Amino acid sequence: MVLLDCYILSSVSQSGKIAVVGGCREYTGAPYFSAISALKIGADLSHVFCTKDAAPVIKSYSPELIVHPILEESYSIRDEEKSSISAKVITEVEKWMERFDCLVVGPGLGRDPFLLDCVSNIMKHARERNVPMVIDGDGLYLVTNCLDLVSGYPLAVLTPNVNEYKRLVQKVLNSEVNDENGTDQLLSLAKGIGGVTILRKGKSDFVSDGKTACAVSIYGSPRRCGGQGDILSGSVAVFLSWARQCAAKGEVSMNPTILGCVAGSALLRYAASMAFDNKKRSTLTGDIIECLGRSLQEICPV
């Protein structure tokens, strides 16, 4: 099923335009990993909206990315400037929003209060325009503390790791993680946030939109290096945009967000396995990214 899904999705004519919202002084690798992964899989264009400090660093990683240095952190602005700067951020993002097939919110975002406020406004505008959002990293910190940003929005995908999932369960279900009834709890969590899709990362990845649930346990690598979640967010964004195109043409019947998550998870696992075969314990995120194209080709040959 996964192989067929990947084949169908990779055959779409428009390959998608992805935007990553993230990147600050401390964290420049995560948005790069997410954005470049989207390109490696086949997206037409990949943008990064980041802070001014992060932009030159991210640009230096690759000329393939379109980098927008529009975000600000609290340390660099005065209180009286915050309102006007926030408005400028939204104005700049609005110029591009209608072109995007999916946003990835959170890689390398950090937790600066003013920066998070600006990103909250970006998410509200994306939602108003029905732009899908994949939310990872500090984007999940933001959403956990402000569930209204995604509650009831079926085009939102949350990709929590173990600790992020625990915080969501505590916040939404007011309980602790129950692995014995993990599928039921995941269904309840997705339903409790109004039908968003959740990709719970782990030894096996579990996906649910509150109506159905499935697991991805094929392939994989014994090595878990930092940055794999960023690859996943970019991968899911691309496959989600492709799945929506296919669904619009009646070529797939599965919920596009579920399909995007399953295909993205499967591809990452295959690429991680391939990279580990080559590099063993020294496998790094960049090694996995370099295997994305070959992995997709082996799963669904052109």
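From a predicted model like this one, the values you see are computed outputs, not experimental measurements. The first residue of the sequence shown is numbered 1, and numbering continues consecutively from there.
Both F239 and F33 are assigned to one and the same hydrophobic cluster, defined by single-linkage of ILVMFWY side chains at heavy-atom distances under 4.5 Å. Residues L140 and L232 do not share a hydrophobic cluster, defined by chaining ILVMFWY side chains whose heavy atoms lie under 4.5 Å apart. There is no path of hydrophobic side-chain contacts, each under 4.5 Å, that joins V169 to V207. Residues M123 and I198 share a single hydrophobic cluster, defined by chaining ILVMFWY side chains whose heavy atoms lie under 4.5 Å apart. Residues L115 and V67 do not share a hydrophobic cluster, defined by chaining ILVMFWY side chains whose heavy atoms lie under 4.5 Å apart.
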* Please walk me through it: do S76 and K52 pass side chain to side chain contact (heavy atoms under 4.5 Å, CB included)? -> CA-CA 10 Å; S76 63; K52 293 178 179 178; over 6 Å; no
* Asked: Could you walk me through whether M97 and E94 pass the side chain to side chain contact (heavy atoms under 4.5 Å, CB included) check?
  -> CA-CA 5 Å; M97 188 68 78; E94 276 292 290; 4.2 Å; yes
* Asked: Does the side chain to side chain contact (heavy atoms under 4.5 Å, CB included) test come out yes or no for L158 and L168, once each step is laid out?
  -> CA-CA 10 Å; L158 313 185; L168 278 170; 4.2 Å; yes
* To do: Report the C-alpha distance between S233 and S34 in whole Å, list the side-chain angles of each, state the deciding distance to 0.1 Å, and finish with yes or no for side-chain hydrogen bond (donor to acceptor under 3.5 Å, both in side chains).
  => CA-CA 6 Å; S233 64; S34 181; 3.0 Å; yes
* To do: Check step by step if side-chain hydrogen bond (donor to acceptor under 3.5 Å, both in side chains) holds for S265 and D205.
  => CA-CA 7 Å; S265 172; D205 293 338; 2.6 Å; yes
* Audit row: D230, S37, side chain to side chain contact (heavy atoms under 4.5 Å, CB included) steps and yes/no -> CA-CA 8 Å; D230 304 313; S37 295; over 6 Å; no
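With values rounded to the nearest 0.5 angstrom, L189 atom CG is found 12.5 Å from D184 atom CG. Put simply, OG1 on T144 and NZ on K166 are 13.5 Å apart, with the number rounded to the nearest 0.5 Å. Considering CG of L292 and CG of L268, their distance stands at 7.5 Å, rounded to 0.5 Å. The structure places CG of L109 at 11.0 Å from SG of C50, a figure rounded to the nearest 0.5 Å. Atom CG of L296 sits about 5.5 Å away from atom CG of L267, to the nearest 0.5 Å. Here the straight-line distance linking atom CG of N178 with atom CG of N181 works out to 4.5 Å at 0.5 Å rounding.
Ring geometry, F100 versus W96: the interplanar angle falls under 30°, so the pair is classed parallel (tilted spans 30 to 60°). The aromatic rings of Y219 and Y270 stand perpendicular to each other, their planes meeting at an angle above 60°, with 30° marking the opposite boundary.
Here the side chains of L149 and I135 are not in contact, with every heavy-atom distance at 4.5 Å or above. Taking 4.5 Å as the limit, some side-chain heavy atom of L259 sits within range of a side-chain heavy atom of V252. Contact check for P132 versus V157: no side-chain heavy atoms found under the 4.5 Å cut-off. In this structure the side chain of F49 never reaches within 4.5 angstrom of the side chain of V119, judged on heavy atoms. In this structure, T257 and L240 have side chains that are in contact, with non-hydrogen atoms separated by less than 4.5 Å. When side chains are defined from C-beta on, M133 does not count as touching V21, because their heavy atoms never get closer than 4.5 Å. Counting heavy atoms from C-beta outward, N130 and Y153 have side chains that approach closer than 4.5 Å. Side-chain contact between H125 and V93: absent, with no pair of heavy atoms (C-beta onward) separated by less than 4.5 Å.
The side chain to side chain donor-acceptor pair (under 3.5 Å) check on D179 picks up R200, with sequence neighbours excluded.
Residue G182 comes nearest to Y165 through the heavy atom pair O-OH, 4.4 Å, listed as atom of the first residue, atom of the second, then distance. Contact detail for R269 and K203: the closest heavy-atom pair is NH2-O, 2.7 Å. Summarising the geometry of K191 relative to G210, their closest heavy-atom pair is CE-O, 3.2 Å, with the distance given to 0.1 Å. When all heavy atoms of S204 and S217 are compared, the closest pair comes out as OG-CB, 3.2 Å. Closest approach of L65 to I58, counting heavy atoms only: CD1-CG2, 4.3 Å. Annotation for I90 and I122: closest pair CD1-N, 3.7 Å, computed over non-hydrogen atoms.
Proximity of a side-chain donor or acceptor of S46 to a complementary backbone N or O of A35 within less than 3.5 Å is detected. Counting only distance, with no hydrogens or angles, the side chain of S86 and the backbone of S83 share no donor-acceptor pair below 3.5 Å. In this structure a side-chain-to-backbone donor-acceptor pair under 3.5 Å is missing from S151 to D148. Looking at T283, its side chain never comes within 3.5 Å of a backbone N or O of I288 through a donor-acceptor pair. Under the 3.5 Å distance criterion, the side-chain polar atoms of Q228 are matched with a main-chain donor or acceptor of C225. No side-chain donor-acceptor contact under 3.5 Å links E164 to the backbone of D136. A donor-acceptor pair under 3.5 Å is formed between the side chain of D209 and the backbone N or O of T212.
Heavy atoms from other residues, nucleotides or ligands lying under 6.0 Å from CZ of R129 number more than 12. Other residues, nucleotides and ligands place no more than 12 heavy atoms under 6.0 Å from the CD atom of E98.
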When the side chains of residues 22-31 are checked against the rest of the protein, which donor-acceptor pairs come out under 3.5 Å, sequence neighbours left out?
unit_1: T28; atom_1: OG1; unit_2: Y61; atom_2: OH; d: 2.7

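Salt-bridge check for E64 with K40: failed, with every basic side-chain N at 4.0 Å or more from each acidic carboxylate O. Between D287 and R223 there is no salt bridge, since no side-chain N of the basic residue sits under 4.0 Å from a carboxylate O of the acidic one. Using a cutoff of 4.0 Å between basic side-chain nitrogens and carboxylate oxygens, E72 and K82 are not scored as salt-bridged.
Counting Ile, Leu, Val, Met, Phe, Trp and Tyr side chains that sit under 4.5 Å apart, directly or through other members, L45 shares a hydrophobic cluster with I66.
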